[in-house]
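Comments concern the structure below.
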Amino acid sequence: MPIPESFLEELAERNDIADVVSGYVRLTRRSGANQFGLCPFHSEKTPSFSVNTERQIYHCFGCGKSGGVINFIMEIENLSFPDAVQLLAKRVGMEVPEDGRDENRGRRSRMLSLNREAALWFREQLLGPGGKPAQDYILRRGIRSMVTPFGLGFAPDRWDGLLTAMQQKGFSRAELIEASLAVPGKNGGAYDFFRNRLMFPVIDVRGSVIGFSGRILDDREPKYLNSRDTLVYSKARSLFALNLAKNSKCGYILLAEGNIDVVSLHQAGFDSAVASLGTSLTAEQARLLSRYTKELIIAYDNDGAGRKAAQRAIELLDPLDLRVRVLQLPGAKDPDEFIQQKGSDAFRELIERSGNQNEYRLQRVAEDFDLTTDEGRVGYLKAAAALIASLPNGIDREIYGLRAAEKAGISKEAFEGEVERLRKKRGKDARKQREREATAPLRAVQPRARELRFENVRSAMAEEGVLQLLFRFPERYGALELTAAEFSSEPLGRMFDAMTARARRGESLSIAVLSAQFTPEEIEILTKNLDKDSIAPAKADEAMRDYIRIIREEHDRADAETDALAYAEKMQRKKGYGGKDG
């Protein structure tokens, strides 16, 4: 059964969109009813993400994402509509009516329960006599006191240990396979996904076990095995130990490479450490980090792969509103080894002396060239100038430009000249790009979703205008003499039918209610221009007449073209072109 509309409207009223968004985005600028911040859905340096408190909608002028408070939670938390409603209801102490709970939410709840039971079973195996291999490993790594805080466990080297235990608790084989805890076998059977591994539950910021990461206890590969993406877990959107690090009072987050590094750092007193799960940092993880800190310290392994990963991470983090520093580990391959050799105080001092991302990148550039040769110096200068020309802050350009010039042994003025030349070229290239975008207006007005692409842009823009005026003034336009059949876009026509039907019945056209009926992409079409009162109420009737006139002109033109094409085909058949003689 659907969620009652009265409940959805009350839910939206009690979850002010600015309050909800502020939990994820720092809104730093206000313009009338709009508040602005950096978009959480794409990387940017200049705030283009707006929240309109009067209309209770959000819209990004950069990537085009738009909607109401429920759509925002669906997008940022990667949730279905019912699960987003559940999260918002919990936030304000409301109870979702039982008949509004759908099968998908039931599957999510069931999977979370299964994950929790699996984590408890792994913990039992670790503490039992069969867990000695994992216990010995924990003692060797010196992380015994972290077993409880991280919920560490052990997957025995058996084919069906977890499978059998969970089936005895009432979970089916299919549920274990769906949760990435079991793998389908031959003849309809299954076997445990994790075997002979130290188990790390992946826990989200709400405290739910959403997946697992298992480290092998010998030299076999892969070293880490992570849950596949499931209904409740997305590897690209999750960070190991963020549930603990978000409560740290140290003021920064440490980004390490592996789970063991994170656990070791917490053991040593650095309780803000997190790690990505089996992959390099993703754009989604970078934006997730920016919600919980304004300062990030990259603490990757001190090898070629770690340095490359740090460079990639810097590129993802650079557009975000973050201060980024990079930890370098003299004489150690990773943070754990450094702490084991030199202690926590030395590591803390290393953090305090760590350089920012610009210093790190400039140092990496220097390592690629032999500065004792003219050829190496020229190569270094070109690469360093390109890096410094990309820095948006003039003070940074001056400071790091001077360092690069001194390192290469040339004058500050000569280096600044090369940087300025590159900046002018970058500006020229950017202008050309803007001009290309300006000369391609049809692309700019197309919806982001491919399935909603407009074939007749002139008509579709008028159709969008009809929908937006209908949304703003349903009592005025609920009985228009216009039909969905006249629309060039089938999705827009379907939205028009649904909205006019509701308006005629006197039912609500609120974003919260429509979000239950329309897809997020359709809601974007409806809300993308609502935060701009481009049409005053007194001009609405005139605008509506113009929209309808355009829609009908384009509809009649399409009909005429269809008739002309049919006539031409008929004449060709009569003349024997492509068919039998008439």
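Residue indices begin at 1 and follow the sequence shown.
- In terms of heavy atoms, Ile17 sits closest to Gly68 at CD1-C, 3.9 Å.
- With hydrogens and angles left out, the side-chain atoms of Asn259 and Ser213 include a donor and acceptor closer than 3.5 Å.
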Derivation and outcome, salt bridge (charged side-chain N to carboxylate O under 4.0 Å, His left out), residues Glu315 and Arg361: CA-CA 10 Å; Glu315 291 172 5; Arg361 292 162 82 180; 5.7 Å; no
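- The OG atom of Ser66 sits 12.0 Å away from the CD atom of Glu521 when rounded to the nearest 0.5 Å.
- In terms of heavy atoms, Asn196 sits closest to Asp218 at ND2-OD2, 3.8 Å.
- Atom NZ of Lys90 sits in a sparse spot, with 12 or fewer heavy atoms from other residues, nucleotides or ligands closer than 6.0 Å.
- The closest side-chain heavy-atom distance from Asp192 to Arg158 is not below 4.5 Å.
- In this structure, Val274 and Leu255 have side chains that are in contact, with non-hydrogen atoms separated by less than 4.5 Å.
- Taking 4.5 Å as the limit, every side-chain heavy atom of Leu225 sits out of range of all side-chain heavy atoms of Phe212.
- Ala18 and Gln35 get closest at one heavy-atom pair: CB-NE2, 3.9 Å.
- When side chains are defined from C-beta on, Met94 counts as touching Leu11, because their heavy atoms get closer than 4.5 Å.
- The side-chain tip of Lys246 does not point at the ring of Tyr292 from less than 6.0 angstrom away and within 45° of straight on.
- A salt bridge is absent between Arg364 and Glu359: the closest approach of a Lys/Arg side-chain nitrogen to an acidic carboxylate oxygen does not fall below 4.0 angstrom.
- Counting non-hydrogen atoms of neighbouring residues, nucleotides and ligands closer than 6.0 angstrom, the CZ atom of Arg307 exceeds 12 such neighbours.
- By the 6.0 Å contact criterion, CG on Asp345 is open, its count of non-hydrogen atoms from other residues, nucleotides or ligands being 12 or less.
- In terms of heavy atoms, Gly131 sits closest to Phe154 at CA-CD2, 3.7 Å.
- From Ser80, atom OG reaches atom CG of Asp83 across 3.5 Å, with rounding to the nearest 0.5 Å.
- Exactly one of Glu257, Gln311, Lys308 qualifies for a side chain to side chain contact (heavy atoms under 4.5 Å, CB included) with Tyr300. That residue is Glu257.
- A cation-pi geometry, defined here as NZ or CZ lying under 6.0 Å from the six-membered ring centre and within 45° of its normal, does not hold between Arg323 and Tyr252.
- In this model, no donor atom of one side chain and acceptor atom of the other lie less than 3.5 Å apart for Ser172 and Gln167.
- With 3.5 Å as the limit, one finds no donor-acceptor pair spanning the side chains of Arg197 and Tyr224.
- For CZ of Arg144, the number of neighbouring non-hydrogen atoms (other residues, nucleotides, ligands) closer than 6.0 Å is 12 at most.
- To the nearest 0.5 angstrom, Leu198 atom CG is 7.0 Å from Leu126 atom CG.
- Residues Phe240 and Ile203 are not in side-chain contact: their nearest non-hydrogen atoms beyond the backbone lie 4.5 Å or more apart.
- Contact of the Leu27 side chain with the Val51 side chain is registered, since non-hydrogen atoms from C-beta on lie closer than 4.5 Å.
- Salt bridge present: Glu117 and Lys169 bring a charged side-chain N and a carboxylate O closer than 4.0 Å.
- Ion pairing between a basic and an acidic side chain is recognised when a charged N comes within 4.0 Å of a carboxylate O; Asp336 and Arg141 show such pairing.
- When side chains are defined from C-beta on, Val262 counts as touching His266, because their heavy atoms get closer than 4.5 Å.
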Salt bridge (charged side-chain N to carboxylate O under 4.0 Å, His left out) assessment of Arg353 paired with Glu349: CA-CA 6 Å; Arg353 291 189 286 106; Glu349 184 179 342; 3.7 Å; yes
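- One N or O on the side chain of Asp204 and one on the backbone of Ser208 form a donor-acceptor pair closer than 3.5 Å.
- Counting only heavy atoms from C-beta outward, the side chains of Phe61 and Cys39 never approach each other to under 4.5 Å.
- Rounding to the nearest 0.5 angstrom, the gap separating the CD1 atom in Ile314 from the CD1 atom in Ile298 is 4.5 Å.
- Between Phe194 and Phe122, the two ring planes are perpendicular [angle over 60°; tilted spans 30° to 60°].
- Residues Phe270 and Phe347 bring their aromatic ring centres within 6.0 Å.
- Rounding to the nearest 0.5 angstrom, the gap separating the CG atom in Asn226 from the CG atom in Leu277 is 5.5 Å.
- Classification of Asp136 and Lys132 as a salt-bridged pair holds, one side-chain N sitting under 4.0 Å from a carboxylate O.
- How far CD1 of Ile70 is from CD1 of Ile73: 10.0 Å, rounded to the nearest 0.5 Å.
- Taking the six-membered ring where tryptophan is involved, the planes of Phe72 and Phe49 are tilted, since the angle between them lies from 30° to 60°.
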